[in-house]
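Accompanying notes for the structure given below.
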Amino acid sequence: MTIRLHNTLTRQKEDFTPLDASKVRMYVCGPTVYDYAHIGNARPVIVFDVLYRLLRHTYGEDHVTYVRNITDIDDKINARAAEVAAAKNISVEEARVEITTRTTQQYFDDVTALGCLMPTHNPRATDYVSGMVAMIATLIEAGHAYEAEGHVLYDVSSKPDYGKLSRRSLDEMMAGARVEVAPYKKNPMDFVLWKPSDDLTPGWQSPWGRGRPGWHIECSVMGGALLGDSFDIHGGGVDLMFPHHENEIAQSEGAHHDHPLAQIWMHNGFLQVEGEKMSKSLGNFITIDELLRSEKFGERQWPGSVLRLAMLMTNYAQPIDWTVDRLSEAYSKIASWFVSSFGLTPSTELPVGLIDVLSNDLNTHEAIKILDALCDGAARDPEGKQLLCNALYFLGISPEYEVFKKFRILLREAGSGSELSELELVAKIQDELLLELGVGRQWVDEKIFTRAAARKAKDFKESDRIRDELLAKGIVLKDGPTGTTWEVKR
RNA sequence: GGCCACGUGGCGGAGUGGUUACGCGACGGUCUGCAAAACCGUUUACUCCGGUUCAAUUCCGGACGUGGCCUCCA
């Protein structure tokens, strides 16, 4: 099966042919670790995790290298570090390490909860500073960069195809430029490769004095060090296309004799929250951590699998409006899938067509349709059940206790007489829910027993009264052919 | 202001030059003492205006709308 991917460079869907099929290489821009990752940060992580899984399936697990960097040198980090250093009376460097170490761990915890595999490499910028210095020196030597007032700047006019990714010409950019131009720049669009640090700012020694690398050079160096001068796929958010990715291309290709940095550039779409741009001032800024572990959004916690599915319901390149309704829809879908595949152990056999639709530029929505179809037929098709389980595992959507509990869905299944071996889990969930409602199992059983007698005597008035009494406590009764069962009201 | 995307039924959201995707919801039915759940069925769409075509939601142009980037907020 040929994988087809939309390439931003050509604006077309292309057949994907790895430079070396025994060593497929992908780079995705990772987080700047100064604070909790927000839900917008989660999208590329999830999208490219699915692509990583597809590539591993197609080319073999040992033949795919996935690099996602950790940016731990950055002026936002430095600003935080200065605050923390002042508050705790520690050095700026100590504060920087503390912030980036803690935030990196939070990030890993978050994306793990979202069902994402660990990339092959998670390079930190701080480990690659010498490589950055070397690349900058190479760029100066090649005539692509110049030193000015302690800064080293990339000379965009030295690269005639600058702007090829975002399809902007230098003239257009300068005409539309709104920024005040630093006086030491030859060209307004020249961007910084190295900048000087004062004594209160983290810095490293270099031929141009003590300073720190610019943002763009970090990715060029880490990608080059771990994947080589040219690799297969470079991914990231559409917002990074300009200037970040454009500058990465200029740096890497400028330093590597114009060898193309990446064959295919992929960009995921932006996220809005309830119809508005996410921002701290609007108060709709929401982190992955808050969704997973607080009730800030929609007054409930959301399991990682639900967030993952909500993200994959839409094509990766399209914008997403992140709403409570969307998450609720994902929640009910997840719940029915988990029930249908409950208790099974995943194997490697995948449903027909799943790899095909994913290979078509990651058509995750078509994949969801396949899962829905399997789920529909699950009651009378044990093989379909197993395939559903396998597909969920493949897509990184693993059953979570929280889903079963919060959605009360297993209780319904158990009550309807299906053959569930894990009745203990059901009992455990029931007990927890009853505890929350403040009623005892025995009390419920007695009420049901009394009501059964009333029904037998055709005293429906009394029978309905008891049902309402239980409903008031949050317990819904259901009369089936084998007797009365109950579930906690959702 | 410049550049780039996108605009499908109540909502989410694929896809296609001609054969009303699909999911959720809603409505109807079966079942039930009545319900609930489950199952079966029905229901509505392609922003607007031109053009190309035998035929356009699908191709081209324009308008309007939404969003992104140009400002190291993904």
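In the text below, chain A, chain B and the rest are named by the order of the sequence lines, each starting its count at 1. Every heavy atom of this structure was used, including side-chain atoms; hydrogens, water molecules and symmetry mates were not.
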Check: Do you know which of A/L312, A/L358, A/T364 makes side-chain contact (heavy atoms from CB on, under 4.5 Å) with A/L395?
Finding: A/L358

Next item on the list: Report, as a single string ordered 5' to 3', how protein heavy atoms within less than 4.0 Å touch nucleotides 10-15 of chain B: B base, S sugar-phosphate only, - not at all.
Entry: --BSSS

Item checked: Sidechain-backbone polar pair: A/S206 side chain, A/V133 backbone, donor-acceptor under 3.5 Å -> no

Item checked: Residues, nucleotides or ligands: over 12 heavy atoms within 6.0 Å of A/K473 NZ -> no

Notebook entry, point to check: So, A/E246 side chain and A/L165 main chain: donor-acceptor pair closer than 3.5 Å or not?
Noted result: yes

Next item on the list: Looking only at side-chain atoms of A/R11, point me to the closest of B/C3, B/C72, B/A5.
Entry: B/A5

Check: B/C73 and B/C22: how far apart are their P atoms, nearest whole angstrom?
Finding: 44 Å

Notebook entry, point to check: What distance, rounded to whole Å, do you find between the two P atoms, one in B/C60 and one in B/C6?
Noted result: 11 Å

Margin query: Can you tell whether the side chains of A/R465 and A/E469 come within less than 4.0 Å, N to carboxylate O?
Written below: yes

Next item on the list: Using a strict cut-off of less than 4.0 Å between a Lys/Arg side-chain nitrogen and an Asp/Glu carboxylate oxygen, indicate whether A/R467 and A/D464 qualify as a salt bridge.
Entry: yes

Check: Contact class for A/R465 (heavy atom, under 4.0 Å): base, sugar-phosphate, or nothing?
Finding: nothing

Note to self: For a quick test of reading the model: is some side-chain N or O of A/K478 closer than 4.0 Å to OP1 or OP2 of B/C34?
What the structure shows: no

Note to self: Counting the atoms with a prime plus P, OP1 and OP2 as sugar-phosphate, which does A/K458 contact under 4.0 Å by heavy atoms, base, sugar-phosphate, or nothing?
What the structure shows: nothing

Checklist line | Euclidean distance for P, B/C69 against B/A63 (whole angstrom) | finding: 23 Å

Next item on the list: Could you check which of B/C70, B/C34, B/C73 has an atom nearest any side-chain atom of A/K76?
Entry: B/C73

Next item on the list: Provide the distance between the two P atoms, one in B/A38 and one in B/U43, to the nearest whole Å.
Entry: 22 Å

Next item on the list: Hey, can you tell me if A/Y184 and A/H151 have their rings parallel, tilted or perpendicular (30° and 60° cut-offs)?
Entry: parallel

Notebook entry, point to check: A/F285 or A/Q272: which one's nearest nucleotide on RNA chain B is closer to the 5' end?
Noted result: A/Q272

Next item on the list: Enumerate, in order of first residue number, the stems that involve RNA chain B, defined as 3 or more consecutive Watson-Crick or G-U wobble pairs with both distances under 3.5 Å.
Entry: B:1-7 with B:64-70, B:10-12 with B:22-24, B:26-30 with B:38-42, B:47-51 with B:59-63

Note to self: Less than 6.0 angstrom from the centroid, inside 45 degrees of the normal: does A/R68 satisfy that with respect to the ring of A/F48?
What the structure shows: no

Check: In whole Å, what separates the P atom of B/G13 from that of B/G18?
Finding: 24 Å

Next item on the list: Please work out if A/S463 contacts a base, only the sugar-phosphate, or nothing of the nucleic acid, heavy-atom cut-off 4.0 Å.
Entry: base

Checklist line | P gap between B/C4 and B/G61, integer Å | finding: 12 Å

Notebook entry, point to check: What integer number of Å spans the C1' atoms of B/U66 and B/A56?
Noted result: 24 Å

Next item on the list: Using the P atom on both, measure B/C34 against B/C48 and round to a whole Å.
Entry: 48 Å

Notebook entry, point to check: Under 3.5 Å, is there an N or O donor on one side and an acceptor on the other linking the side chain of A/R467 and the base of B/A36?
Noted result: no

Margin query: Using a 4.0 Å heavy-atom cut-off, does A/M278 contact any base of the nucleic acid, only the sugar-phosphate backbone, or nothing at all?
Written below: base

Next item on the list: May I ask you to decide whether A/D75 forms a salt bridge with A/R212, counting only side-chain N to carboxylate O separations under 4.0 Å?
Entry: yes

